[in-house]
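Structure, as structure tokens:
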Amino acid sequence: AAYDSLLSTQRAAYHLKAAKYLENLVDADALGGYDGMLAYHYQGAGNPRKEHFYTILAAEQAHKIYANAEALQYYNRALELLNSLDNDIQSEQQHRAIQSQRFEILKGRREAHFQLGQVEAGKADTKALLPLAREMEDEPVWLIDALLAQADISRENRDDLTQGLQMAQEALTLAKSLEDK
């Protein structure tokens with residue numbers, strides 16, 4: 001009741017104080033258990049950049065301990081935040097950073113979907129990786145990962161398998177050209 005009676009500016013100030021307190025109180029090595037709480041407080045404080053940072057860390061931490069439903073929620077929130085941050089970009093370098101983060105988030109969310117048995121959602125995220133990687137053509141490592149992910153889901157029928165093998169071959173050729181073992 002007391003929280004709900006606060007003005008939104010007061011609420012945001014308290015959330016910011018709580019987030020700063022946690023950041024300063026907790027050792028950086030032990031902060032992993034508090035990432036979700038920090039994301040929550042930065043959301044309440046209206047700081048989407050910090051919220052995004054801690055949301056990704058919380059997603060990775062949840063995924064690491066096989067809390068896949070929780071990881072999925074964090075990955076979804078991270079994508080929402082990234083889409084809103086994408087509207088504020090001012091340089092090609094920022095756009096590239098957002099694309100890289102989007103790729104990593106989709107890759108993590110893809111794994112969480114598959115581990116939860118949500119095969120179609122996992123396949124959708126897998127398919128979203130390829131056009132994103134092709135946009136980042138000056139960094140072919142992303143394309144290798146995306147091609148291999150596509151090849152991994154192409155097992156439904158002979159045509160899919162053939163297409164998957166072609167993508168795996170493209171990834172191998174690209175990796176060899178980069179001398180990437």
Side-chain angles (χ1 to χ4, degrees), residues 3-4 6-133 135-136 139 141-143 145-146 149 153:
Y3 178 80
D4 288 335
L6 293 173
L7 297 173
S8 59
T9 54
Q10 290 173 315
R11 229 182 278 169
Y14 283 128
H15 278 292
L16 185 59
K17 282 182 183 182
K20 296 286 185 191
Y21 178 77
L22 283 172
E23 282 181 323
N24 293 328
L25 175 74
V26 179
D27 181 22
D29 295 331
L31 206 54
Y34 296 92
D35 294 328
M37 196 179 306
L38 282 159
Y40 167 77
H41 283 300
Y42 277 118
Q43 179 181 17
N47 188 332
R49 291 190 188 285
K50 284 270 198 162
E51 179 192 354
H52 181 258
F53 175 76
Y54 285 112
T55 299
I56 290 174
L57 292 178
E60 291 169 353
Q61 180 65 25
H63 188 76
K64 192 184 305 181
I65 62 170
Y66 299 101
N68 292 308
E70 185 177 344
L72 194 55
Q73 290 175 340
Y74 284 124
Y75 284 127
N76 288 336
R77 179 64 182 153
L79 280 174
E80 287 174 20
L81 288 165
L82 205 54
N83 290 337
S84 69
L85 292 172
D86 198 13
N87 296 331
D88 298 335
I89 61 169
Q90 296 161 356
S91 71
E92 182 59 34
Q93 184 179 4
Q94 288 174 326
H95 180 65
R96 180 52 51 108
I98 285 177
Q99 285 179 310
S100 300
Q101 288 177 359
R102 184 172 284 119
F103 190 94
E104 288 297 329
I105 293 167
L106 283 171
K107 201 165 112 178
R109 190 173 79 169
R110 165 192 182 266
E111 292 174 21
H113 277 307
F114 281 130
Q115 289 176 349
L116 288 168
Q118 299 171 352
V119 177
E120 292 307 312
K123 285 182 178 182
D125 281 349
T126 302
K127 289 177 182 176
L129 291 174
L130 191 57
L132 185 58
E135 284 180 37
M136 300 184 288
E139 294 182 46
V141 174
W142 300 111
L143 184 56
D145 284 353
I153 64 165

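As the structure is a prediction and not an experimental result, all values here were calculated from the model.
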Task: Where Ala71 and Ala59 come nearest, the two heavy atoms and their spacing - done: CB-O, 3.7 Å

Task: Side chain proximity check, Glu23 to Lys50, heavy atoms < 4.5 angstrom - done: yes

TODO: Assess whether atom CD of Glu92 is packed by more than 12 heavy atoms of other residues, nucleotides or ligands within 6.0 Å.
DONE: yes

Open item on the list: Distance check, rounded to the nearest 0.5 Å: Thr126 atom OG1 versus Leu106 atom CG?
Closed with: 9.0 Å

Open item on the list: A side-chain contact here means heavy atoms from C-beta on lying under 4.5 Å apart; do Lys20 and Tyr42 qualify?
Closed with: yes

Task: Any side-chain heavy-atom pair of His41 and Asn47 under 4.5 Å - done: no

Open item on the list: Measuring from atom OH of Tyr21 to atom CG of Leu16, what distance do you get when rounded to the nearest 0.5 angstrom?
Closed with: 15.0 Å

- [ ] Assess whether side-chain contact (heavy atoms from CB on, under 4.5 Å) is satisfied between Phe103 and Lys107, documenting all intermediate values.
- [x] CA-CA 6 Å; Phe103 190 94; Lys107 201 165 112 178; 3.9 Å; yes

Open item on the list: Return the NZ to CG distance between Lys17 and Leu22, rounded to the nearest 0.5 Å.
Closed with: 14.5 Å

TODO: Nearest 0.5 Å please: distance from the CG atom of Leu72 over to the CD atom of Gln118.
DONE: 5.5 Å

- [ ] Quick one: pull up CG in Asp145 and CG in Leu130 and give me the separation to the nearest 0.5 Å.
- [x] 11.5 Å

Open item on the list: The test is side-chain contact (heavy atoms from CB on, under 4.5 Å); show your working for Tyr74 and Ile56 and say whether it passes.
Closed with: CA-CA 7 Å; Tyr74 284 124; Ile56 290 174; over 6 Å; no

Task: Heavy-atom closest pair, residues Leu79 and Arg109 - done: CD1-NH1, 3.3 Å

Open item on the list: When you compare the side chain of Thr55 with that of Asp35, does any pair of heavy atoms fall below 4.5 Å?
Closed with: no

Open item on the list: Testing the basics here: between Leu129 and Ala149, what is the closest heavy-atom pair and its distance to 0.1 Å?
Closed with: CD1-CB, 4.2 Å

Task: NE2-OH distance between His63 and Tyr75, expressed to the nearest 0.5 angstrom - done: 5.5 Å

Open item on the list: For a 4.5 angstrom cut-off between non-hydrogen side-chain atoms, does Asp86 reach Arg102?
Closed with: yes

TODO: Please lay out, stage by stage, how His15 and Tyr40 fare under the test ring-ring contact (aromatic ring centres under 6.0 Å, His included).
DONE: CA-CA 8 Å; His15 278 292; Tyr40 167 77; 5.3 Å; yes

Open item on the list: Walk me through whether Glu60 and Leu57 qualify under side-chain contact (heavy atoms from CB on, under 4.5 Å).
Closed with: CA-CA 5 Å; Glu60 291 169 353; Leu57 292 178; 4.0 Å; yes

- [ ] Start with the C-alpha distance between Ile105 and His52, add both sets of side-chain angles, then the distance that settles side-chain contact (heavy atoms from CB on, under 4.5 Å), and finish with yes or no.
- [x] CA-CA 11 Å; Ile105 293 167; His52 181 258; 3.8 Å; yes

TODO: Search all heavy atoms of Pro48 against all heavy atoms of Gly46 and return the closest pair with its distance.
DONE: CD-O, 3.2 Å

Open item on the list: For Glu135 versus Arg96, what's the shortest heavy-atom pair and its separation?
Closed with: O-NH2, 3.8 Å

